[in-house]
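Below is one structure, written out as structure tokens, with a few remarks after it.
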Amino acid sequence: MANALGADLLRVEQADINMLSAYDLIGFGSGVYFGKYHKSLLELIDRLPVLENKKAFIFSTSGIRKIQFIHDFHKPLKERLLKKGFNIIGEFSCRGFDTYGASKIIGGIKKGRPNEKDLNQAENFARVLKDRK
Ligand SMILES: Cc1cc2nc3c(=O)[nH]c(=O)nc-3n(C[C@H](O)[C@H](O)[C@H](O)COP(=O)(O)O)c2cc1C
């Protein structure tokens, strides 16, 4: 995604909340843990100032797909971003190898993910974001 957008790629601990306002478009993403994005990412967004109409996209890897009302891990992140004035122009999610909990007994689920196809889809997703308002 970063390559397709020609974007800077930063870990949460490298992101300076004052510096983020200089970007036109910001992608926020992580694996999903206990039905949510990583705590450090949610906390980073809580610390951000209100950035009126700043464009954002979100992305995740998770063992199980997003299921509205039951396993909608994008929701808490989206709510936080909207509160900070972001305009969310895209969402991407794909499966990631998961050995958490009971899945460990069977050697994990979604082995090999994200795979080549997921990465291509992520790149294609990012490419079209450039033209989105
Ligand atoms: C502690 C823990 C909790 C997890 N909870 C969930 C979950 O609630 N839902 C889900 O779909 N996947 C869950 N997973 C699987 C991860 O989302 C998946 O492995 C993801 O690709 C991890 O990304 P990472 O390698 O960047 O940490 C969990 C994994 C771990 C280690």
Side-chain angles (χ1 to χ4, degrees):
M1 285 185 194
N3 284 342
L5 288 164
D8 292 337
L9 184 60
L10 302 175
R11 301 180 71 88
V12 165
E13 42 302 352
Q14 296 171 315
D16 170 344
I17 56 165
N18 301 311
M19 181 190 81
L20 288 184
S21 61
Y23 290 94
D24 300 323
L25 171 65
I26 309 171
F28 296 93
S30 78
V32 170
Y33 314 93
F34 311 110
K36 285 185 178 169
Y37 274 80
H38 197 276
K39 204 167 140 250
S40 64
L41 184 66
L42 298 174
E43 285 171 1
L44 172 79
I45 295 160
D46 286 340
R47 292 199 307 275
L48 287 178
V50 173
L51 296 165
E52 243 12 287
N53 265 326
K54 178 77 69 189
K55 284 190 284 182
F57 67 93
I58 63 180
F59 59 95
S60 59
T61 61
S62 62
I64 303 168
R65 68 175 55 248
K66 182 165 88 96
I67 307 163
Q68 211 182 357
F69 307 119
I70 302 168
H71 191 243
D72 187 354
F73 38 80
H74 282 188
K75 197 167 171 235
L77 180 69
K78 274 162 74 178
E79 283 172 353
R80 275 178 165 81
L81 289 172
L82 292 174
K83 237 203 263 174
K84 296 291 176 169
F86 280 93
N87 172 20
I88 302 166
I89 61 165
E91 292 177 44
F92 180 84
S93 171
C94 73
R95 305 295 64 78
F97 180 43
D98 183 3
T99 54
Y100 179 66
S103 71
K104 207 183 297 174
I105 301 164
I106 54 163
I109 56 168
K110 306 297 173 194
K111 204 170 179 147
R113 306 286 296 275
N115 57 21
E116 190 86 20
K117 193 174 165 201
D118 294 317
L119 298 182
N120 283 336
Q121 282 175 347
E123 200 177 329
N124 291 337
F125 161 81
R127 206 169 287 122
V128 297
L129 289 175
K130 274 185 182 171
D131 311 317
R132 243 177 244 174
K133 296 276 173 265

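In listed order, ligands and their atoms are each counted from 1. What you are looking at is a predicted structure, and each value in this text was computed from that prediction instead of being measured.
Atom 26 (O) of ligand 1 is flagged as protein-proximal [any protein heavy atom, distance under 4.0 Å].
What sits closest to atom 29 (C) of ligand 1 on the protein, heavy atoms only, is Tyr100 CB, 3.6 Å. The protein non-hydrogen atom at the shortest distance from atom 21 (O) of ligand 1 is Thr61 OG1, 2.7 Å. At the shortest separation from atom 11 (O) of ligand 1 among protein heavy atoms lies Ile64 N, 2.8 Å. Considering only non-hydrogen protein atoms, atom 16 (C) of ligand 1 sits nearest to Val32 O, 3.2 Å.
The minimum heavy-atom distance between Lys78 and Ile88, with the atom names listed, is CG-CD1, 3.7 Å.
Salt-bridge formation is detected for the pair Asp118/Arg113: a Lys NZ or Arg NE/NH1/NH2 atom is positioned less than 4.0 Å from an Asp or Glu carboxylate oxygen. Glu79 has no carboxylate O lying under 4.0 Å from a charged side-chain N of Lys83, or vice versa, which leaves the two without a salt bridge. Between Arg80 and Asp46 there is a salt bridge, with a side-chain nitrogen of the basic residue lying less than 4.0 Å from a carboxylate oxygen of the acidic one.
The part of Phe97 lying near ligand 1 is the backbone, judged by heavy-atom distances below 4.0 Å. Contacts between Phe34 and ligand 1 below 4.0 angstrom, taking non-hydrogen atoms only, involve backbone and side chain alike.
Here is the list of ligand 1 atoms found below 4.0 Å of a heavy atom in Gly63: 10 (C), 11 (O), 12 (N), 15 (C), 17 (O). Every atom of ligand 1 is numbered from 1 in the order shown, and the set under 4.0 Å from a heavy atom of Gly96 is 21 (O).
At a 4.0 Å cut-off, at least one heavy atom of His71 sits close enough to ligand 1 to count as contact.
Among Ser93, Ser103, Gly35, Ser62, the residue whose heavy atom lies closest to atom 7 (C) of ligand 1 is Gly35.
For a threshold of 3.5 Å applied to N or O pairs, the pair formed by Tyr33 and ligand 1 contains at least one separation below that value.
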As a quick check of understanding, evaluate side chain to side chain donor-acceptor pair (under 3.5 Å) for Ser60 and His74, giving each step before the final call.
CA-CA 8 Å; Ser60 59; His74 282 188; 3.1 Å; yes
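Counting only distance, with no hydrogens or angles, the side chain of Lys36 and the backbone of Lys75 share no donor-acceptor pair below 3.5 Å.
Using bins of under 30°, 30° to 60° and over 60° for the plane-to-plane angle, the ring pair Phe92/Phe125 lands in the tilted bin.
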